[in-house]
Amino acid sequence: VLDRWLAGRGLFVVTTPRVLALHGAAIGPLRAAAVRCRVIEVEEGEAAKTPASAARLWREMLAAGGRRDSRLVCFGGGSVGDLGGFVAGCFLRGVEYAQLPTTLLAQADAAIGGKTAVDLPEGKNAVGLFHQPALVVGEAAFLATLPPEELRSGLAEVIKVAALLDLELLARLEADLPRLLAGEPGALGPAVAAAAAAKARLVVEDPHDRGRRALLNLGHTLGHALEAALGYRDLRHGDAVAYGLLFALRLSQRRGLDAAFAERLRRLVGRLGLPPLPAVEPAALVALMARDKKAREAGLDWILLAAPGQGTVAGDVGVAEIAEELRRFAPDPFAAGRRV
Ligand SMILES: NC(=O)c1ccc[n+]([C@@H]2O[C@H](COP(=O)([O-])OP(=O)(O)OC[C@H]3O[C@@H](n4cnc5c(N)ncnc54)[C@H](O)[C@@H]3O)[C@@H](O)[C@H]2O)c1
Ligand SMILES: [Zn+2]
């Protein structure tokens, strides 16, 4: 499919040195299909998602003869996907792009749905746009070289999707977690496919995040604040989301989520083997959350779980409650929440 899309076009491939070293051979057919191909490397991980790297890419693309009908391929994890999609969406007011995701997180989640962005010190994904990829190609073979911590981080988003949208997938994750963490293709394939399909259904229903798609932000209000507070180091995105999910469970339980279901999710997240939660000043987190993209003039909506497989938007979560729960949460993120 990529061949036909690339025929007669100039191509830019955005990737990282690690992905290029491990899987660079996959670019061969793309190079052959396009009339010209330029590979642009960016930094590994979240460090690539800056306005400065976007500007560097635009300038390189112009210098290399990039045009309105040029094509861009994001070849890497979610960081490359978010940056490359943003670069494609703005370059000469928008060129078509494709996602060729190479991490579990990107195949199951980030490559789907057209959300693109770069970070600012003030906020994760603070500058970006919706720009749907023309194609998303999920290639299972890429996952074979992922280190365990990247598998774990990706599985956190898969757990999130399962808790919200697919309880069968949740049961499968519980049964298969050791095989998933070990990167067994027979376990990863169906889990990635199910998570990607569940997300795609929501995106089709609500492409611009005005309604039910917002449920996918479960765990991200605190998760993004943690990432920003830590300068986008120290905690992978999926790990931050896992902690965000645990925190959202506490708020959910206060609003009536069944304690047994909350405990079931806490146990599953506990089995991921997350790195410890770094110490972060609660006041800094609250300030970052107040600046969250999801914040409106009226206040911040929290995505919570109302019941197994059922997300909800809570508009009644005040700053005082957040600060109080954060004080209880930080010393022991896995402790049971309570109903009040
Ligand atoms: N746009 C969305 O809807 C959306 C959804 C979820 C997450 N995200 C974003 O995705 C980003 C996280 O993406 P990620 O978890 O894929 O991490 P990542 O893109 O930062 O990649 C992590 C590291 O793994 C390396 N890597 C990539 N593929 C590899 C492979 N096959 N084998 C070995 N190493 C490989 C990368 O080069 C990088 O060094 C965050 O910025 C997050 O905000 C976006
Ligand atoms: Zn995410």
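Note that ligands are numbered from 1 as they come in the structure, with each ligand's atoms numbered from 1 the same way.
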Where does ligand 1 get N/O contacts under 3.5 Å from the protein, atom by atom?
unit_1: ligand 1; atom_1: 1 (N); unit_2: Asp82; atom_2: OD1; d: 3.0
unit_1: ligand 1; atom_1: 1 (N); unit_2: Lys115; atom_2: O; d: 2.9
unit_1: ligand 1; atom_1: 3 (O); unit_2: Lys199; atom_2: NZ; d: 3.2
unit_1: ligand 1; atom_1: 13 (O); unit_2: Gly78; atom_2: N; d: 3.1
unit_1: ligand 1; atom_1: 16 (O); unit_2: Gly78; atom_2: N; d: 2.7
unit_1: ligand 1; atom_1: 16 (O); unit_2: Thr103; atom_2: OG1; d: 2.6
unit_1: ligand 1; atom_1: 19 (O); unit_2: Gly78; atom_2: N; d: 3.0
unit_1: ligand 1; atom_1: 19 (O); unit_2: Ser79; atom_2: N; d: 2.9
unit_1: ligand 1; atom_1: 19 (O); unit_2: Ser79; atom_2: OG; d: 3.3
unit_1: ligand 1; atom_1: 20 (O); unit_2: Ser79; atom_2: OG; d: 2.6
unit_1: ligand 1; atom_1: 28 (N); unit_2: Thr102; atom_2: OG1; d: 2.7
unit_1: ligand 1; atom_1: 31 (N); unit_2: Thr102; atom_2: O; d: 3.0
unit_1: ligand 1; atom_1: 31 (N); unit_2: Phe142; atom_2: O; d: 2.9
unit_1: ligand 1; atom_1: 31 (N); unit_2: Thr145; atom_2: OG1; d: 3.3
unit_1: ligand 1; atom_1: 32 (N); unit_2: Thr145; atom_2: O; d: 3.4
unit_1: ligand 1; atom_1: 32 (N); unit_2: Thr145; atom_2: OG1; d: 2.7
unit_1: ligand 1; atom_1: 37 (O); unit_2: Thr16; atom_2: OG1; d: 2.9
unit_1: ligand 1; atom_1: 37 (O); unit_2: Glu44; atom_2: OE1; d: 2.4
unit_1: ligand 1; atom_1: 39 (O); unit_2: Arg18; atom_2: NH1; d: 3.2
unit_1: ligand 1; atom_1: 39 (O); unit_2: Glu44; atom_2: OE1; d: 2.7
unit_1: ligand 1; atom_1: 41 (O); unit_2: Glu46; atom_2: OE1; d: 2.6
unit_1: ligand 1; atom_1: 41 (O); unit_2: Glu46; atom_2: OE2; d: 3.4
unit_1: ligand 1; atom_1: 41 (O); unit_2: Lys49; atom_2: NZ; d: 2.9
unit_1: ligand 1; atom_1: 41 (O); unit_2: Lys124; atom_2: NZ; d: 3.1
unit_1: ligand 1; atom_1: 43 (O); unit_2: Lys49; atom_2: NZ; d: 3.4
unit_1: ligand 1; atom_1: 43 (O); unit_2: Lys124; atom_2: NZ; d: 2.8

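In this structure, His131 and Tyr97 have parallel ring planes: the angle between them is below the 30° cut-off, well short of the 60° mark.
Residue side and main chain included, Asp109 places no N/O/S atom under 2.8 Å of the Zn ion (ligand 2).
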| query | Going through the checks in order, is the ring-ring contact (aromatic ring centres under 6.0 Å, His included) test met by Phe86 and Trp58? | reply | CA-CA 11 Å; Phe86 175 70; Trp58 290 319; 5.7 Å; yes

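Using a 4.5 Å cut-off on side-chain heavy atoms (C-beta onward), Thr102 and Leu146 make no contact.
Distances from the Zn ion (ligand 2) to the N/O/S atoms of Glu157 are shortest for OE2. The N, O or S atom of His237 lying closest to the Zn ion (ligand 2) is NE2.
Donor-acceptor pairing under 3.5 Å is recorded for the side chains of His23 and Thr145.
Within 6.0 Å of CZ on Arg67 lie no more than 12 heavy atoms contributed by other residues, nucleotides or ligands. Environment of CZ in Arg328: crowded, with over 12 heavy atoms of neighbouring residues, nucleotides or ligands closer than 6.0 Å.
The existence of a salt bridge linking Glu150 and Arg236 is confirmed by a sub-4.0 Å separation between a basic side-chain nitrogen and an acidic carboxylate oxygen.
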